[in-house]
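By convention in this document, chain letters (A, B, ...) are assigned in the order of the sequence lines, proteins followed by strands, and residues within each chain are numbered from 1.
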Amino acid sequence: MTTSPTRRLRALAGVAVLALGLSACGGGNLGSDDSGENFPDGAINLTVGQDPGGSTDLIARALANPVSDDLGVEVPVLNRPGANGALAAKELASKSANGQELMVMNLSLVAITSLTVPEDDAINLEDYTVITGISEDDYVLVSNADSGLNTIDDLKGAGALNYATTGTGTGSQLSSALLFQLAEIDGTAVPFDGGSPALTAVLGNQVDVASIQLGEAMPQIEAGTITPIVTFAADRNEFLDDVPTAVEEGYDVEVAQARAIVGPKDMSQDVVDQLREAFTKAFETDAYTSFNEQNLLRPQELDGDELTEVWNQSVETYRQLTEEYGIDLGSTE
Amino acid sequence: MDFAPVIDGFGVVLQPENLLFCLIGVTVGMLIGVLPGLGPAATVAILLPITLTVEPVTAIIMLAGIFYGAQYGGTITSVLLRLPGEASSVVTVFDGYAMARQGRAGAALGIAAIGSFVGGTIAIIGLTFFAPLVASFALDFGPPEYTILALLGILLVASVGSGTLVKALIAAGIGLLLATIGRDGFTGSERFTFDVLQLSDGIDFVPIAMGVFGLGEILYNLEDRNNNTKAPTKVTKVLPSKAEIKQSSGAIGRGSVIGFFLGILPGGGAVLSSLAAYAYEKKCSKNPERFGQGAIEGVAAPESANNAAATSSFIPLLTLGIPANATIAVIYGALLIQGVTPGPQLVEDNPDIFWGVVNSMYIGNVFLLIMSIPLIGIFVKILQVRAAILAPITVLITLIGAYTIANSVFDIFLVCLFGAIGYLMKKVGLEPGPLVLAFVLGVLLETALRRSLILFGGDPTGFIGRPISGTLVAILVAVIAFPLIAKLWKSKTKQKELV
């Protein structure tokens with residue numbers, strides 16, 4: 001079988017054109033008008049900087065449906081995983097601020113990951129428009145139920161311990177590192193790749209304790225396979241009201257994961273208001289409130305200014321604490 | 001054990017709605033399995049909102065169907081187009097693609113479908129009777145055990161394919177180097193990322209596999225075209241012959257058992273299972289030189305293994321509440337949204353869901369077998385399409401597939417880059433298989449090794465001190481030493497004969 005060279009060229013050209021078309025689609029739309037009159041103009045992309053299936057992804061999907069119903073346009077959730085979400089955030093910053101491009105931003109990306117990466121890669125909240133806060137997710141320190149480690153005093157008396165974290169630059173790492181430092185417990189961090197492997201390591205007695213998000217730990221706590229020692233929240237969690245906070249135990253460690261909806265910088269106030277209203281309605285739906293209860297998420301449905309203030313406070317606190325106690329989140333020690 | 005809930009589970013599955021959603025699930029799974037890139041994890045995530053409108057058990061039956069259905073579909077592109085969509089089907093490419101080039105694509109796909117069915121079914125039976133027993137097996141595997149397993153896997157990589165040992169090791173070495181790209185997960189420092197943020201999490205498996213296998217092959221064939229007037233591959237027969245089925249029956253059985261056990265291990269179980277099943281068949285075979293040249297056992301074993309592994313990977317989720325891989329993590333999320341807590345109490349609190357989902361897999365596998373046999377006849381016709389038409393379409397599918405992994409144009413460029421690398425490798429006679437497999441296992445090896453050393457306080461003798469990892473170390477030593485001793489023995493007896 002032989003084909004003429006021109007046909008071969010044509011076929012190649014076809015592929016090239018299609019490839020170009022694809023890359024153009026990924027580039028985002030620039031140059032649309034910024035006033036709120038024509039908003040929304042087609043689908044609103046809700047980007048998630050993590051893989052499908054994680055807490056952030058599930059939250060985005062729980063919100064996308066009711067928001068889509070309210071605004072009458074599609075709200076597809078796009079996963080753009082990479083660098084704890086920094087990849088998605090960097091791309092969002094360069095997109096048009098017309099309200100069609102949004103993202104679920106994690107507090108840990110702004111406040112903790114930024115402490116571990118070069119300054120150029122750090123994500124600052126001031127480079128974005130905050131639409132609304134979403135919810136807070138507590139961290140809890142757990143041990144294997146058979147280990148006999150039930151309180152911080154048990155940990156102190158146990159000698160050298162290994163603790164699993166859900167990764168470098170996460171709230172899990174920060175919370176346990178701070179607690180171990182303040183309580184003068186001899187501990188070594190073992191970073192795992194997410195909450196589920198860290199939990200597995202505790203269940204399999206590979207490590208002694210781990211700080212993981214409450215929603216992920218709850219099924220095992222209910223089954224009695226792991227013991228919650230302390231939470232790192234400001235107040236006791238209503239679903240776990242017999243478990244003290246680290247602060248109550250005398251160690252000033254308050255670390256939580258929080259999430260917010262953000263868009264590119266300088267969005268028009270009108271568009272922000274329309275979006276905030278749509279999300280507020282979504283927060284009030286029965287499906288969403290029961291989703292929060294099911295996942296033990298505490299609503300933090302603040303407006304842009306309030307949220308920015310709260311988050312900036314966390315950024316400052318985390319920075320001070322890590323400096324004060326010489327905690328290097330970039331290394332395993 | 002009490003069998004009443006097991007039987008009740010069948011009652012749940014046989015409700016018309018559940019049967020329908022099971023069929024939808026496996027059909028969607030098979031289709032997305034055919035398309036490389038858009039994997040089952042993303043598909044399940046996209047379909048989550050739909051599942052809210054049905055009963056929890058119906059939803060999970062459908063989502064599980066997508067997951068194991070995708071394993072069936074993935075074989076098709078591996079055999080026909082040399083495009084392995086998942087790490088666990090890389091091994092199938094060696095003999096599957098060789099068979100396709102000999103006009104035996106139908107036989108390869110047929111035996112893969114039968115092997116997948118048997119592997120899946122054996123694993124469901126294992127899941128039904130032994131789930132709680134074997135679940136603790138997953139927990140006993142900590143970082144040290146994974147370290148030795150990954151090391152064993154990398155050694156097995158050398159036995160895969162048809163090239164020489166040295167060339168396989170060179171390719172595997174390149175794969176291991178590629179695995180080091182990205183931000184170090186332990187210290188946070190950048191490695192070979194050249195300030196490109198897209199590289200900070202390392203490279204995904206799909207662009208590498210699509211590039212070095214699929215695109216590399218197409219580029220190589222383009223060059224070959226003018227002096228090689230080979231007609232489109234003739235498809236002689238569509239289904240495997242009785243002799244071929246008989247020849248692969250042992251491989252299917254052994255592959256299923258290997259797949260069942262390795263599949264229980266969260267993270268990396270599926271890849272290791274197909275690799276181990278293939279290597280085992282090659283070792284046992286009376287004429288191992290056929291492997292890589294179109295040996296039907298070389299398709300039957302890994303395909304049975306990866307389907308058995310896909311099924312048994314539900315065990316940690318259903319009995320412990322631990323998702324074993326990305327797709328099952330999304331299914332975990334779906335259960336939570338439905339108000340069902342996956343975990344140790346699932347089988348007691350929600351027996352209808354537990355047994356409904358488990359039993360739906362029997363039915364789903366039957367659906368898949370019934371669907372795939374007639375479809376093979378249609379799929380193999382792809383090979384009769386002229387290269388001038390097929391090649392650009394394949395390239396397009398590859399590029400779209402790469403884009404859909406993370407909605408990233410960067411991955412499209414990566415595919416092109418690895419396509420060029422694949423082409424050069426083929427030029428100098430290096431096989432892509434060892435590179436890709438070593439890449440996947442390299443990531444596992446590095447993280448597991450470093451975690452282990454932290455746990456051991458830096459003392460490497462810790463590996464010997466644990467029962468399972470100690471046993472694995474012994475197997476590792478045996479695997480390395482046995483061929484060497486055999487060689488020495490041979491040369492000694494030869495010398496004696498000479499005297």
Problem set entry | Contact origin within P316(B) toward chain A - heavy atom pairs under 4.5 Å | neither
For this session: Check each atom of T200(A) against the heavy atoms of chain B and say whether the ones under 4.5 Å are side chain, backbone, both or neither.
Result: both
Exercise. Hey, what's the ring geometry for F463(B) with F456(B), parallel, tilted or perpendicular (30° and 60° as the breaks)?
Worked result: perpendicular
Problem set entry | Contact class of E190(B) relative to chain A, heavy atoms under 4.5 angstrom | side chain
Exercise. Does any heavy atom of chain A fall under 4.5 Å from the side chain of N407(B), the backbone, both, or neither of them?
Worked result: both
Exercise. Would a distance-only check, ignoring hydrogens and angles, find a side-chain to backbone donor-acceptor pair under 3.5 Å from D186(A) to G159(A)?
Worked result: no
Exercise. Between E446(B) and R191(B), is there a salt bridge with N-O shorter than 4.0 Å?
Worked result: yes
Exercise. Does any heavy atom of chain A fall under 4.5 Å from the side chain of R466(B), the backbone, both, or neither of them?
Worked result: side chain
Exercise. Under a 4.5 Å heavy-atom cut-off, does chain A meet the side chain of R183(B), its backbone, both or neither?
Worked result: side chain
Exercise. Does any N or O in the side chain of T193(B) come within less than 3.5 Å of the main-chain N or O of L199(B), such that one atom is a donor and the other an acceptor?
Worked result: no
For this session: Please answer whether the main-chain N or O of I327(A) pairs with a side-chain N or O of T322(A) as donor and acceptor at a distance below 3.5 Å.
Result: no
Exercise. Any donor-acceptor pair under 3.5 Å linking the side chain of Q206(A) with the backbone of L139(B)?
Worked result: yes
Problem set entry | Proximity breakdown for L48(B) and chain A, heavy-atom pairs closer than 4.5 Å | side chain
